[in-house]
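Accompanying notes for the structure given below.
What you see is a predicted model; the values in this text were computed from it and never measured. So you know, we letter chains A, B, ... as the sequences are listed, proteins then strands, and number each from 1.
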Amino acid sequence: MPVGTGATVKGVFHRDVRDEARASIILANTYHLYMRPGMEVMEKAGGVHRFSSWEGPMLTDSGGFQVFSLAGVRKLSEEGCRFASHIDGSKHLFTPENVIDTQRTIGADIMMAFDECPPGDAPREYAARSLALTHRWLERCFDRYASTSPRWGHSQTLFPIVQGCAYADLREQSARFVQRFDADGYAIGGLAVGEPAPVMYEMIEVVNAVLPQDRPRYLMGVGTPVNILEAIDRGVDMFDCVMPTRNGRNGMLFTSEGVINIRNEKWRDDFSPIDPDGTAFVDHAYTKAYLRHLAVSGEMMAAQIASLHNIAFYMKLVRQAREHIVAGDFAAWKAEAAAKLIRRL
RNA sequence: GGGGGAAUACCAGAGUGGCCAAAUGGGGCAGACUGUAAAUCUGCUGACGUACGUCUUCGGUGGUUCGAAUCCAUCUUCCCCCA
């Protein structure tokens, strides 16, 4: 949602944590069509959380990411973050408190804390100062959370966000700090923001070594199919990412055989399905040639089909991951799948 | 039959004597996109070479000029107007 609302609405597809296996997941902004009605999102001593009305849980971001992505046009302070709307220039102030209020109003099942997300190359001194601010904000978020009630008759939970940039000791410190709130789940933020992938993986390992095993770990904003498999391998349970939709709109299709740029002329006469492995999101499988025609013609349908296809692909990917974790052959499957996923077709 | 206009790279279309291998768009090719200010943005697109560069291009032919996509003659093709 645009600046001013203080939150981004997402759908989250979550495992039933009663499964033995880790890795459930995902993702898909604004798409809730993959979720089962009344599915239990998580269990905690003494109670079961139920989703809001419809097909699945709603997760909202706090607006913290805007602190990162709008770095050029915002002002950070102890109080919060000021923005000028890109739409009408009006001024807006996000604070830990009003961001919680907004998410209460939206009715999110999972609300996110308000944090600062520094860039991947942030110097240590900045990272440490930022982390301290994020932690202070986090306490304010939970204060507000504790002093307010769900508005729409279903429970609303709040996830803290681990920060610390690319510094292992800061990450570890943060992962310990956030546990004082005994949350239903924990988010890992501030990754995939410019740092190399190996650094991201290392940070995930550091953090997950500290976070509790019996609560979902949510890696925010990640990522490519391979990123997701690597993160699952390191104990992450939940993801969200714009990649399947944004890249889909821009003509990139993820398939079990590799990545396709559907605008390429090579697909012009290719009447085979987008993915031979059958990740079609409807019974009818669109052909590459048809989708290319729509994309080249500038038809909105191309963006729609590509987005839905990519989301369906991501959903299938994590479902397979879960199955292979249960079957006990995740590592072998991951290696084989990843090799294909990075190919360009 | 008479009069006028036009032919430019894959397409469309600027350019009217040197700063033109030739604007701009499209098409093509490649790349980017990771808690969505994004149906977006970037690069390349005559040949050879990493590159400075060299060579061949602006309908055909022949001229003028130090120098021509640009001027002249002629041919070809297309378009328009009048009969």
Consider the side chain of [X], meaning its heavy atoms from C-beta on, and name the nucleotide among [options] that approaches it most closely.
{"X": "A/N247", "options": "B/rG35, B/rG28, B/rC33", "answer": "B/rC33"}
{"X": "A/R249", "options": "B/rG35, B/rA38, B/rU34", "answer": "B/rA38"}
{"X": "A/D240", "options": "B/rG35, B/rC33, B/rA39", "answer": "B/rG35"}
{"X": "A/R292", "options": "B/rA32, B/rG35, B/rG28", "answer": "B/rG28"}

Is there a side-chain contact between A/R246 and the phosphate of B/rU34, meaning an N or O under 4.0 Å from OP1 or OP2? yes
Ignoring backbone atoms, establish whether A/R344 has a side-chain N or O less than 4.0 Å from OP1 or OP2 of B/rA30. no
Specify whether A/F254 and A/Y314 have parallel, tilted or perpendicular ring planes, treating 30° as the upper limit for parallel and 60° as the lower limit for perpendicular. perpendicular
For the residue pair A/H309 and A/F313, does the interplanar ring angle fall in the parallel (under 30°), tilted (30 to 60°) or perpendicular (over 60°) class? parallel
Applying ring pair (Phe, Tyr, Trp, His ring centres under 6.0 Å), which residue pairs with at least one partner in residues 97-129 of chain A are found, sequence neighbours left out? A/F114-A/W137
What protein N or O atoms touch nucleotides 42-44 of chain B N or O atoms at under 3.5 angstrom, if any, and at what distances?
none

Which of residues 263-272 of chain A have a heavy atom under 4.0 Å from RNA chain B? A/R263, A/N264, A/E265, A/K266
Base, sugar-phosphate or nothing for A/I161? Non-hydrogen atoms, less than 4.0 Å. base
Considering every strand and a 4.0 Å limit on heavy-atom distances, what is the contact class for A/M252: base, sugar-phosphate, or nothing? base
Are the aromatic ring centres of A/F83 and A/F94 under 6.0 angstrom apart? yes
Side chain of A/Q156, backbone of A/Q103: donor and acceptor closer than 3.5 Å? yes
